[in-house]
Number of protein chains: 2
Amino acid sequence: MTVTAAKTVSRQNGVALWRQIADRIRASISAGDFDGSGMVPPETVLASQFGVNRHTVRSALAALGQEGIVRAVQGRGTMIERRQRLNFPISKRTRFTAGIGDQARDLQGLLLSSHVEPAGPDIARRLQLETNAPVMRIEGLRKADNRPVSVSTSWFPLPRFTGIDDAYRHTGSITQAFSLCGLSDYVRVSTEITAIHGDPEDMLALELSPGAILLVTSALNADPDGRLVQYAVTRFPADRVQLTVNS
Amino acid sequence: MTVTAAKTVSRQNGVALWRQIADRIRASISAGDFDGSGMVPPETVLASQFGVNRHTVRSALAALGQEGIVRAVQGRGTMIERRQRLNFPISKRTRFTAGIGDQARDLQGLLLSSHVEPAGPDIARRLQLETNAPVMRIEGLRKADNRPVSVSTSWFPLPRFTGIDDAYRHTGSITQAFSLCGLSDYVRVSTEITAIHGDPEDMLALELSPGAILLVTSALNADPDGRLVQYAVTRFPADRVQLTVNS
DNA sequence: CCCAATTTGTTCGTATGTATC
DNA sequence: TGATACATACGAACAAATTGG
């Protein structure tokens, strides 16, 4: 948090120096620390700030270049290509499209896969169903301006929401899919939030490099009568998304 | 998310295999995946599941042993020592002590340092003050059952809360410190949530090994009249804490 | 008490990745 | 661009402790 003159990195704890530095630079870009110039400081400056060899900084910048976050130009420096953090509000009436609709031009919801399966003990408990009761599981991917912002796994009780996978596939929106299944309104009952290092599978879908962090929300939605209609585990890239809770 | 037979780890991206595997096992323990036996599967089983050498799994388990999460006994197996994830509710009346009071026996709030300083542009904007207006900055550490659960940096407007550092030092509670400064009630206005790799400084204070993830909340508190009284940036270890938002 | 199976602990050697100079 | 030092990862053993017949 504090801006210190000498930025510390720790050696030989299973995370390579170049990756630690890449993560720190990525975080600094997200925080807007280099906004004045739109450039990352010179490699020699970064090297002395972190107390490492310039080669190590170059490895870090190469990794960030691979992610499309910076672009190095010989003789000029390393420019910041992309710096945005979407804000995702969490409230009783949390909706993805309405929530970030004004922060991006183009929003997409893609259905990756859907399955009918028996509810495992955890899902059954969350949705207050009998264990092994039939549920629909949907894997989804959301994009804003063609960049992935979340992957999610949702469970819906059956037979009430039979066909919600097709509805979601065609509309790209959970709200509209619910509507097609005869549910015009729903509210967020609870949201649990934590953070993890993602599975390689999720990282691939979110176009992230393996050091990145995922914010994870486990959300429960209910209809106006209080019957539970959806349990969703959503993974956001922590360096591209911020969650906001307003009282 | 999905339970797959072959657990994937990715090689050569700056994060050592043993650390990836340590993170995965830690997450599985937190999720209660091994609750039946109270033991981690044998090293040979884990090695084949992750598709790595047994030595690599041993490195991962050694790291978890260092964290006090597991304990290996020759001939018996590797037992799970600690499996808790504190739940920290976020609401209009968010209070640390009341929030997790029933989840731990012993709660402590420690003041690490306090300074009077001029508000930087970001702090001034958040607290709706003039830039360079005097504010009190407090660095604090919270422990539950003698294990660190958060470090926080708080800013309070001056001169209204002169002496709040001493009040916090003596009471170990922000709520009580406010009370000693003549503020009997306050409400949470907004909470922003994100996740980062922590500074080595924070990692040391939280007794975490590098590579661990921090959940970060940026919270704004106001008095009943709507005047802003505190801006706080709090860092939680993501594998020991979960945030919950209830509607 | 002994034996076999299981599981962790230890020690070689070898190859590759990381970081400095 | 090498050269060097150390960390990481694998493979093949074997030793030591525990468990259950």
Side-chain angles (χ1 to χ4, degrees), chain A residues 6-26 40-67 72 74 78 197 200 203 209-212, chain B residues 6-26 28-29 33-82 197 200 203 208-212:
Chain A
K7 310 189 180 188
T8 46
V9 284
S10 40
R11 289 159 194 262
Q12 273 125 27
N13 329 324
V15 185
L17 281 182
W18 65 265
R19 172 145 295 290
Q20 296 181 56
I21 291 168
D23 291 342
R24 297 279 292 273
I25 295 175
R26 195 200 291 109
V40 171
E43 294 170 355
T44 49
V45 173
L46 289 171
S48 85
Q49 278 182 349
F50 287 109
V52 301
N53 194 278
R54 180 168 155 260
H55 292 307
T56 310
V57 170
R58 284 182 62 75
S59 300
L61 290 175
L64 294 177
Q66 203 65 26
E67 292 179 41
Q74 203 171 82
T78 304
H197 285 122
M203 306 306 260
S209 63
Chain B
K7 310 187 181 191
T8 48
V9 282
S10 42
R11 290 159 194 262
Q12 276 142 23
N13 7 285
V15 184
L17 283 181
W18 64 264
R19 172 149 297 289
Q20 297 181 55
I21 290 168
D23 291 342
R24 297 279 292 271
I25 295 174
R26 195 198 293 106
S28 291
I29 291 173
D33 290 354
F34 310 133
D35 273 12
S37 55
M39 309 262 293
V40 170
E43 294 168 354
T44 50
V45 173
L46 290 170
S48 87
Q49 278 182 348
F50 286 109
V52 301
N53 192 276
R54 185 166 78 100
H55 287 303
T56 310
V57 170
R58 284 181 60 74
S59 299
L61 290 174
L64 295 177
Q66 203 66 26
E67 294 178 41
I69 292 174
V70 299
R71 188 165 53 91
V73 177
Q74 195 172 102
R76 288 196 54 184
T78 304
M79 285 163 291
I80 296 167
E81 287 281 280
R82 194 161 29 80
H197 285 121
M203 306 306 263
L208 290 172
S209 56

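The chains referred to below are lettered A, B, ... by the order of the sequence lines, with proteins before strands, and numbering in each begins at 1.
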> Please report, rounded to the nearest Å, how far the P atom of C/dG17 is from the CH2 atom of B/W18.
19 Å

> Atom CZ of B/R19 and atom C1' of C/dT18: how far apart are they, to the nearest Å?
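Checked: the CZ to C1' distance equals 16 Å.
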
> Hey, what are the protein-to-nucleotides 2-5 of chain C N/O distances that come in under 3.5 Å?
none

> Any protein N or O atoms within reach of nucleotides 11-14 of chain D? Criterion: under 3.5 Å, listing atom names and distances.
| residue | atom | partner | partner atom | Å |
| --- | --- | --- | --- | --- |
| D/dG11 | O6 | B/H55 | NE2 | 2.8 |
| D/dA12 | N6 | B/H55 | NE2 | 2.8 |

> Measuring to OP1 and OP2 of D/dC10, would you say a side-chain N or O of B/T56 lies under 4.0 angstrom away?
yes

> Checking A/A47 now: which residues fulfil side chain to side chain contact (heavy atoms under 4.5 Å, CB included) with it, not counting sequence neighbours?
A/R54, A/V57

> With sequence neighbours left out, what residues match A/A22 under side chain to side chain contact (heavy atoms under 4.5 Å, CB included)?
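A/A22 satisfies side chain to side chain contact (heavy atoms under 4.5 Å, CB included) with A/A60, A/L64 once adjacent residues are dropped.
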
> Can you list the residues that meet the salt bridge (Lys or Arg N to Asp or Glu O under 4.0 Å) rule with B/R58, with sequence neighbours excluded?
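Expected list: B/E43.
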
> With salt bridge (Lys or Arg N to Asp or Glu O under 4.0 Å) as the rule and sequence neighbours excluded, what pairs involving residues 69-78 of chain B come up?
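Passing the test, one end in residues 69-78 of chain B: B/R71-B/E81.
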
> If I take atom CG in residue A/L17 and atom P in nucleotide D/dC6, what distance separates them, rounded to the nearest angstrom?
15 Å

> Please report, rounded to the nearest Å, how far the P atom of C/dT6 is from the CE atom of B/M39.
15 Å

> To the nearest angstrom, how far is A/Q20 atom CD from C/dA19 atom C1'?
12 Å

> Could you check how far CZ of B/R71 sits from P of C/dT7, rounded to whole Å?
18 Å

> Check every strand shown and say whether B/T78 touches a base, only sugar-phosphate, or nothing at a heavy-atom separation below 4.0 Å.
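Answer is sugar-phosphate: B/T78 comes under 4.0 Å of backbone atoms only.
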
> What protein N or O atoms touch nucleotides 16-19 of chain D N or O atoms at under 3.5 angstrom, if any, and at what distances?
| residue | atom | partner | partner atom | Å |
| --- | --- | --- | --- | --- |
| D/dA16 | N3 | B/Q74 | OE1 | 3.3 |
| D/dA17 | O4' | B/Q74 | OE1 | 2.8 |

> Mind calculating the distance between CG (B/L64) and C1' (C/dT8) to the nearest angstrom?
16 Å

> What residues in residues 41-48 of chain B put a non-hydrogen atom under 4.0 Å from any atom of DNA chain D?
none

